Amino acid sequence: MPRATSALSRLAAPARRALLPIADGLGGVTSTARALPDFLICGAQRSGTTSLFKALSQHPAVTGPVLRKGVHYFDTGHHNGLGWYRSHFPLRATLRARRGRPRVRAFESSPYYLFHPLAAERIARELPRVRVVVILRDPVERAYSAHAHESARGFETEPFARAVELEDKRLAGTEERLMADPGHHSHSHQHHGYVARGRYVDQLVRMERHLGRERMHVVDYADLFDGTPRALGGIVRFLGLPPGPETAPGRHNARERAVMPDSLRAELTERFADSDARLADWWGRTPSWRA
């Protein structure tokens with residue numbers, strides 16, 4: 001049942017980890033009877049995707065993957081095949097419309113989908129009617145938050161200023177290698193793209209090329225977390241969902257970090273100036289961090 005799936009997703013992390021092998025085994029056996037997602041949260045990383053996932057999971061007509069937020073199929077797990085991807089979602093029979101309840105929509109949130117060079121093409125090919133939601137945050141703040149996140153997870157050992165200095169060297173040739181070899185995985189491309197991930201417009205143009213603008217909904221982080229349900233309501237309408245609980249999204253998965261030096265903030269703000277200007281043209285609005 002979708003609400004049962006949602007309840008499982010709210011278990012404490014150790015309990016979820018303990019149950020994952022059982023859930024994955026059952027999902028694999030029954031994968032042909034399982035749903036594929038109706039919509040995806042594709043990023044950007046450290047831009048409130050966890051908070052949006054939790055907010056949408058409260059909607060009575062929405063359910064996520066079993067015991068997970070994201071599956072990472074269209075980026076790092078694509079070699080496992082579509083049957084493997086299906087195995088992570090609820091049974092189709094449990095999602096059908098019933099008396100007094102509309103059809104339940106399945107979704108997942110994998111923030112690397114926006115940045116991975118092959119993800120949009122794969123999504124368009126394998127989920128031809130899916131809709132995607134993207135959250136954009138001040139790219140300077142996003143980069144700093146990502147560094148704290150990757151450091152806490154053990155994927156980064158350098159201080160922020162040094163990591164930014166090393167980024168071009170670390171990422172050199174990684175996108176080309178990923179494009180040339182679909183089975184390749186780049187640790188640095190996934191975990192060390194502090195500035196590159198904040199050049200949003202190039203990633204959005206790529207996604208638009210494969211999915212079409214009408215299947216994309218881009219929301220500003222500042223609007224999503226302005227203390228009102230307005231931006232969340234816009235997402236619900238875009239997804240074609242019935243009205244849900246009118247509550248503002250909470251903030252989840254935040255990490256404490258030191259204050260960024262003003263000189264470094266100014267330098268990064270300038271580095272994003274051209275990308276942000278092109279983003280404003282594409283989006284048809286000025287991003288909140290440039291307003």
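Quick note: numbers below take in every heavy atom, side chains included, and nothing from hydrogens, waters or symmetry partners. The structure displayed is predicted, hence computed values, not measured ones.
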How far apart are the closest heavy atoms of [X] and [Y], and which atoms are they?
X    : Y    : value
A280 : P287 : CB-CD, 4.0 Å
L91  : T94  : O-OG1, 2.7 Å
Q58  : P245 : O-CG, 4.1 Å
G250 : F225 : O-CE2, 3.5 Å
A106 : L95  : CB-CD1, 4.3 Å
L232 : T247 : CD2-O, 3.5 Å

Test your reading of the model: is there a side-chain donor-acceptor pair from [X] to the backbone of [Y], 3.5 Å cut-off?
X    : Y    : answer
H184 : T174 : no
H147 : E158 : yes
S31  : S87  : no
R137 : A222 : no
R92  : T32  : yes
R215 : V130 : yes
R199 : F272 : no
R101 : R96  : yes

[X], [atom1]: over 12 other non-hydrogen atoms inside 6.0 angstrom:
X    : atom1 : answer
R129 : CZ    : no
E270 : CD    : no
E126 : CD    : yes
D281 : CG    : yes

Salt bridge flag under 4.0 Å for residues [X] and [Y]:
X    : Y    : value
E141 : R265 : yes
R278 : D202 : yes
R285 : D220 : yes
R122 : D75  : no

Legend entry - same_hphob_cluster(F89, V104) at 4.5 Å side-chain heavy-atom cutoff: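 Different clusters.
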
Inset, instruction - Would you please indicate yes or no on a ring centroid separation below 6.0 angstrom for H78 and H72? - result: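 Centroid distance H72-H78: not below 6.0 Å, so no.
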
Inset, instruction - Can you label the angle between the Y194 ring and the H192 ring as parallel, tilted or perpendicular, going by 30° and 60°? - result: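 Rings of Y194 and H192: tilted, 30 to 60°.
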
Legend entry - Set of salt bridge (charged side-chain N to carboxylate O under 4.0 Å, His left out) partners for E208, sequence neighbours left out: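 Once residues adjacent in sequence are excluded, the partners of E208 under the salt bridge (charged side-chain N to carboxylate O under 4.0 Å, His left out) criterion are R213.
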
Inset, instruction - Please report the C-alpha distance between R170 and E167 in whole Å, then the side-chain angles of each, then the deciding distance to 0.1 Å, and finally whether the salt bridge (Lys or Arg N to Asp or Glu O under 4.0 Å) criterion is met. - result: CA-CA 5 Å; R170 283 171 158 180; E167 182 174 340; over 6 Å; no

Inset, instruction - Would you sort out whether T49 and K69 count as a side chain to side chain donor-acceptor pair (under 3.5 Å), showing the intermediate values? - result: CA-CA 9 Å; T49 59; K69 168 195 168 189; 2.9 Å; yes

Legend entry - Side chain to side chain, S145 and Q45, heavy atoms closer than 4.5 Å: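 Counting from C-beta outward, S145 and Q45 never come under 4.5 Å.
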
Inset, instruction - Any ring pair (Phe, Tyr, Trp, His ring centres under 6.0 Å) involving residues 91-128? Give me the pairs, sequence neighbours left out, ordered by first then second residue. - result: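 Qualifying pairs: F39-F107, F53-F107, F74-Y113, Y112-H116, Y112-H189, F115-H189.
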
Legend entry - Distance-only side-chain donor-acceptor flag, H185 / Q190, under 3.5 Å: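 Distance-only check passes for H185 and Q190.
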
